[in-house]
**Q** 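Before I ask anything, let me first share the structure, which is written out below as structure tokens.
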Amino acid sequence: MNVYDSEQILQRLQTIGYRQCDSPDKADLIVLNTCAIREKAEQKVYSFLGRQAKRKQHRPELLVAVGGCVAQQEGRRLLERIPHLDLVFGTHAVGRLAGHVERIRKNGGRIVDVDMDGGGAIFDGLEPLDAPSGPSRFVTIMQGCDNFCTYCVVPYVRGREVSRPPSQILSEIRALAGSGVREVTLLGQNVNSYGAKEGYGSFADLLKKVSGIDGLARIRFTTSHPKDLSDELIDCFAALDRLCRHIHLPVQSGSDRVLKRMNRRYRRADYLDKVGRLRSVCPDIGITSDFIVGFPGESDEDFADTIDLMRSVQFDGVFAFQYSDRPSAPASGFAGKIDDTVKKRRLAELLDLQETITLCKNRALVGSVQQVMAEGPSKKNYFQEAHRTALWTGRTPQNRIVHFALDTPTHGGGMMAPGTILNVRIEEAFSHSLRGTPEIERPNQHGRKGVDSHAA
């Protein structure tokens, strides 16, 4: 979501003459887009802003702006704490950003805008970047959340749940597909409840419409709340060829007692039942999840339930974090806070278990052929001179990262283009990735070897 918001910020600033540069030292305007979901992210905001004081001293005309969730949460307090900060704009103020920047340039002063419009106006004017980079893009379909999990600040900094009109979503995706984008990821805090309040139809209905857009090869989405995962949506994994066989389904804890205190509104058995139905409909689906360790009151027995759930489900991957108090979130006032040493130990145990599970799952794929969408040259070991091979990176429908080698006489990777889908035979497995070789190679029109692409 923050990536998508940052793209929108850039697009809107381009309308008033700004262009992106590669260094803060060259910038006339520095915009920091922020996240407040964890305490560590918020700490990084203040650290970054503190470092801008020296730049501002040397170049008083430099403008410094803060947007996103920390801006929404802190508002005017940011201006009071950071004297060299010029502009604070909240999560509903991106559309007003360009006007604020122009006013400060013309008249000086400092501006705080953390007003929430409380409706669909937040989506007015959203559009894709003029020149999409890469074959995959994010598309926001809704913002905010109505679930009020006790650890979470999203309803307070993003607002209540609002769905974007399907016509806007489909128009944006058609434009992206027309410019060469092959894969889109639909974004929302709880995509499973898309359209329910506005009467737009279900999220499954939207997926079916998106799957009919010419030029798209793959569709992904995130994030799903388990309590709203419907049978209709589960069936989409069998019915829609373009829908990638992967779902991110945050569980947060394996303990019913902790889930109740978190206000997640499902039980462990409910979650396991939905995982079973997903795998019944789509046996090779990749399932990833989120966990919070050290939630207030979490006992050793509660944590043991979480570990047991992980062993039962056998996730393909997880994101896991130590609990931290967040402003406005009810859990910040809960008794039974867990010592940091205990939280660190539990997190390490959870991550070690998941690494073992993921490695085992990846090793089971050695020798198989996987469909991979090429994203671009690998950042590591891009070119192996001795073997005249270029390493590229891509992802399977289950969202597994695959590095693969291409025979090529140049560092350019031959005729391969990002967005190409190819069959890769897996030869090696690691904790966080796979490595293989394209299965089919034929001379292209220039007499060089190129990789045949295949339909998703």
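Here, residue 1 is the first one in the sequence, and each next residue gets the next number.
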**Q** Look at atom NZ of Lys44 and say whether more than 12 heavy atoms of other residues, nucleotides or ligands are closer to it than 6.0 Å.
**A**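 Not more than 12 within 6.0 Å, no.
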**Q** If you count the non-hydrogen atoms of other residues, nucleotides and ligands that lie under 6.0 Å from CZ in Arg59, is the total more than 12?
**A**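 Yes - once you tally the heavy atoms of other residues, nucleotides and ligands closer than 6.0 Å, there are more than 12.
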**Q** Any chance you could measure Gln43, atom CD, to Ser324, atom OG, to the nearest 0.5 Å?
**A**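 Those atoms lie 8.5 Å apart.
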**Q** So that I can tick it off, tell me whether Arg268 and Asp308 are bridged by a salt bridge, with the cut-off set at under 4.0 angstrom between side-chain N and carboxylate O.
**A**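 Arg268 and Asp308: salt-bridged.
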**Q** In plain terms, say whether Asp5 and Arg158 are close enough for a salt bridge, that is, a side-chain N and a carboxylate O under 4.0 Å apart.
**A**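 Yes, this pair counts.
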**Q** Would you give the length of the straight line joining atom OG of Ser211 to atom CD1 of Ile219, rounded to the nearest 0.5 angstrom?
**A**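 So the OG of Ser211 and the CD1 of Ile219 are separated by 5.0 Å.
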**Q** For a side-chain contact (heavy atoms from CB on, under 4.5 Å) check, start with the C-alpha distance between Phe123 and Thr140, then their side-chain angles and the critical distance, and finish with the verdict.
**A** CA-CA 9 Å; Phe123 300 119; Thr140 285; 4.0 Å; yes
**Q** Between the side chains of Asp270 and Lys227, is the shortest nitrogen-to-carboxylate-oxygen separation below 4.0 Å, so that they form an ion pair?
**A**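 Between Asp270 and Lys227 there is no salt bridge, as every charged N stays at least 4.0 Å from the carboxylate O atoms.
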**Q** Mind checking whether His248 and Phe221 have ring centres under 6.0 Å apart?
**A**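 Judged by ring-centre distance (under 6.0 Å), His248 and Phe221 do not meet the cut-off.
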**Q** Could you go step by step and tell me if Ser431 and Glu355 meet the side-chain hydrogen bond (donor to acceptor under 3.5 Å, both in side chains) rule?
**A** CA-CA 6 Å; Ser431 297; Glu355 184 163 340; 3.1 Å; yes
**Q** The test is salt bridge (Lys or Arg N to Asp or Glu O under 4.0 Å); show your working for Asp113 and Arg96 and say whether it passes.
**A** CA-CA 9 Å; Asp113 180 358; Arg96 301 186 288 270; 2.6 Å; yes
**Q** Side chains of Arg346 and Ile338: does their closest heavy-atom pair fall under 4.5 Å?
**A**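 The answer is yes, as the side chains (C-beta and beyond) meet within the 4.5 Å cut-off.
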**Q** Please tell me whether Thr288 and His246 have a donor and an acceptor in their side chains that are separated by less than 3.5 angstrom.
**A**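 Side chains of Thr288 and His246: pair found under 3.5 Å.
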**Q** Is the Lys NZ or Arg CZ of Arg435 less than 6.0 Å from the centre of Phe404's six-membered ring, within 45° of the axis?
**A**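 Relative to the ring axis of Phe404, which defines the angle, Arg435 lies outside at least one limit.
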**Q** Check Arg257 with Glu301, please: is the shortest side-chain N to carboxylate O separation under 4.0 Å?
**A**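 Answer for the salt bridge query: no.
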**Q** If we count only N and O atoms by modelled type, under 3.5 Å, do the side chains of Ser47 and Arg51 hold a donor and an acceptor together?
**A**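 Short answer, yes.
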**Q** Distance from Cys152 atom SG to Ile37 atom CD1, nearest 0.5 Å?
**A**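 The SG atom of Cys152 sits 4.0 Å away from the CD1 atom of Ile37.
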**Q** Sequence neighbours left out, what passes ring-ring contact (aromatic ring centres under 6.0 Å, His included) with Tyr271? Give chain and number order.
**A**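 Testing Tyr271 for ring-ring contact (aromatic ring centres under 6.0 Å, His included), a comparison that skips the adjacent residues, returns none.
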**Q** Identify the residue among Leu170, Leu176, Thr185 that makes a side chain to side chain contact (heavy atoms under 4.5 Å, CB included) with Val139.
**A**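 Answer after filtering Leu170, Leu176, Thr185: Leu176.
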**Q** If we only count heavy atoms from C-beta on, is the Trp392 to Val372 side-chain gap below 4.5 Å?
**A**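 No; the side chains remain at least 4.5 Å from each other.
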**Q** Do Leu350 and Val318 touch side chain to side chain, with heavy atoms closer than 4.5 Å?
**A**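 In short, these two side chains touch, coming nearer than 4.5 Å.
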**Q** How long is the span from the CD atom in Gln20 to the CD1 atom in Ile9, to the nearest 0.5 Å?
**A**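 Here the rounded value is 11.0 Å.
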**Q** Would you check if Lys343 and Asp340 make a side-chain contact, meaning some heavy-atom pair closer than 4.5 Å?
**A**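 With C-beta onward as the side chain, the pair touches.
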**Q** Is the backbone N or O of Asp25 less than 3.5 Å from a side-chain atom of Ser23, with the two atoms forming a donor-acceptor pair by type?
**A**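 Yes; judged by distance alone, with no hydrogens or angles, the pair exists.
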**Q** With distance as the sole test, does Gln72 use its side chain to make a donor-acceptor pair with the main-chain N or O of Thr91 at under 3.5 Å?
**A**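 Yes; judged by distance alone, with no hydrogens or angles, the pair exists.
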**Q** Please report the interatomic distance SG(Cys145) to CD(Gln189), rounded to the nearest 0.5 Å.
**A**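 Here the interatomic distance stands at 5.5 Å.
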**Q** State, with a plain yes or no, whether a side-chain heavy atom of Gln52 is found less than 4.5 Å away from one of Ile30.
**A**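 Yes; the side chains approach each other to less than 4.5 Å.
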**Q** Would you call Asp284-Arg245 a salt bridge at under 4.0 Å N-O?
**A**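 Looking at Asp284 and Arg245, the cut-off is met.
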**Q** side-chain contact (heavy atoms from CB on, under 4.5 Å) with Arg363: which residues, sequence neighbours excluded?
**A**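 If we apply the side-chain contact (heavy atoms from CB on, under 4.5 Å) test to Arg363, skipping adjacent residues, the hits are Leu359, Ala429.
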**Q** Using modelled atom types and a 3.5 Å cut-off, is there a donor and acceptor pairing between side-chain atoms of Arg265 and backbone atoms of Asn147?
**A**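 Yes; judged by distance alone, with no hydrogens or angles, the pair exists.
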**Q** Asp28 versus Leu63: any side-chain heavy-atom pair under 4.5 Å?
**A**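 No; the side chains remain at least 4.5 Å from each other.
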**Q** Output all residues satisfying side-chain contact (heavy atoms from CB on, under 4.5 Å) with Glu161, sequence neighbours left out; order by chain, then residue number.
**A**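 By the side-chain contact (heavy atoms from CB on, under 4.5 Å) rule, Glu161 matches Met142, Asp146, Asn190, Ser193, Lys197.
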**Q** Can Arg77 and Glu74 be counted as an ion pair, charged N to O under 4.0 angstrom?
**A**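 So Arg77 pairs with Glu74 through a salt bridge.
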**Q** Could you tell me whether the side chains of Ser368 and Gln370 share a donor-acceptor contact shorter than 3.5 Å?
**A**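 Distance-only check passes for Ser368 and Gln370.
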**Q** Tell me the closest heavy-atom pair linking Pro135 and Met373, and the distance in Å.
**A**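 Closest heavy-atom pair between Pro135 and Met373: CB-SD, 4.5 Å.
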**Q** In this structure, which one of Ser299, Pro296, Ser253 forms a side chain to side chain contact (heavy atoms under 4.5 Å, CB included) with Val258?
**A**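 Passing option: Ser253.
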**Q** May I ask you to test the Leu87-Leu97 pair for a side-chain heavy-atom distance under 4.5 Å?
**A**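 Touching, per the 4.5 Å side-chain cut-off.
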**Q** For residues Glu198 and Ser163, report the shortest heavy-atom separation together with the two atoms involved.
**A**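 Smallest interatomic distance, heavy atoms only, reads OE2-N, 2.9 Å.
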**Q** Does the side chain of Ser332 pick up a donor-acceptor pair with the side chain of Asp325 at under 3.5 Å?
**A**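 Result is no, nothing qualifies.
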**Q** When you check the gap from the basic side-chain N to the acidic O, do Arg267 and Asp256 get nearer than 4.0 Å?
**A**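 Here Arg267 pairs with Asp256 in a salt bridge, since their nearest N and O are under 4.0 Å apart.
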**Q** Can Glu298 and Val342 be said to form a side-chain contact (heavy atoms from CB on, under 4.5 Å), step by step?
**A** CA-CA 10 Å; Glu298 182 187 64; Val342 175; over 6 Å; no
**Q** Can a salt bridge be assigned to the pair Glu183 and Arg137 using a cut-off of 4.0 Å between side-chain N and carboxylate O?
**A**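 Salt bridge between Glu183 and Arg137, a charged N being under 4.0 Å from a carboxylate O: no.
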**Q** Applying side-chain contact (heavy atoms from CB on, under 4.5 Å), run through Leu353 and Ile307 and close with a yes or a no.
**A** CA-CA 8 Å; Leu353 172 59; Ile307 294 297; 3.8 Å; yes
**Q** State, to 0.1 Å, how close Glu42 and Val70 come at their nearest heavy-atom pair, and which atoms those are.
**A**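 Heavy-atom minimum between the residues: CG-CG2, 4.1 Å.
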**Q** Answer yes if the side chains of His92 and Asp115 hold a donor-acceptor pair under 3.5 Å, and no otherwise.
**A**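 The criterion, which ignores hydrogens and geometry beyond distance, is not satisfied for Asp115 and His92.
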**Q** Run through Tyr151, Phe315, Phe319, Phe321 and flag the one making a ring pair (Phe, Tyr, Trp, His ring centres under 6.0 Å) with Phe291.
**A**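 Between Phe291 and the candidates, ring pair (Phe, Tyr, Trp, His ring centres under 6.0 Å) is satisfied uniquely by Phe315.
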**Q** Determine whether Arg264 and Leu259 make a side-chain contact, defined as any pair of heavy atoms from C-beta on separated by less than 4.5 Å.
**A**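 Of all side-chain heavy-atom pairs linking Leu259 with Arg264, at least one is under 4.5 Å.
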**Q** Would you tell me whether Thr358 and Gln354 have side-chain atoms, one donor and one acceptor, within less than 3.5 Å of each other?
**A**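 Present: a donor and an acceptor within the cut-off.
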**Q** Looking at CZ of Arg326 and OG of Ser328, how far apart are the two atoms once the value is rounded to the nearest 0.5 Å?
**A**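 One finds 9.5 Å between CZ of Arg326 and OG of Ser328.
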**Q** With a 6.0 Å cut-off on the ring centroids, do Phe148 and Tyr156 count as close?
**A**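 Yes; Tyr156 has its ring centre under 6.0 Å from that of Phe148.
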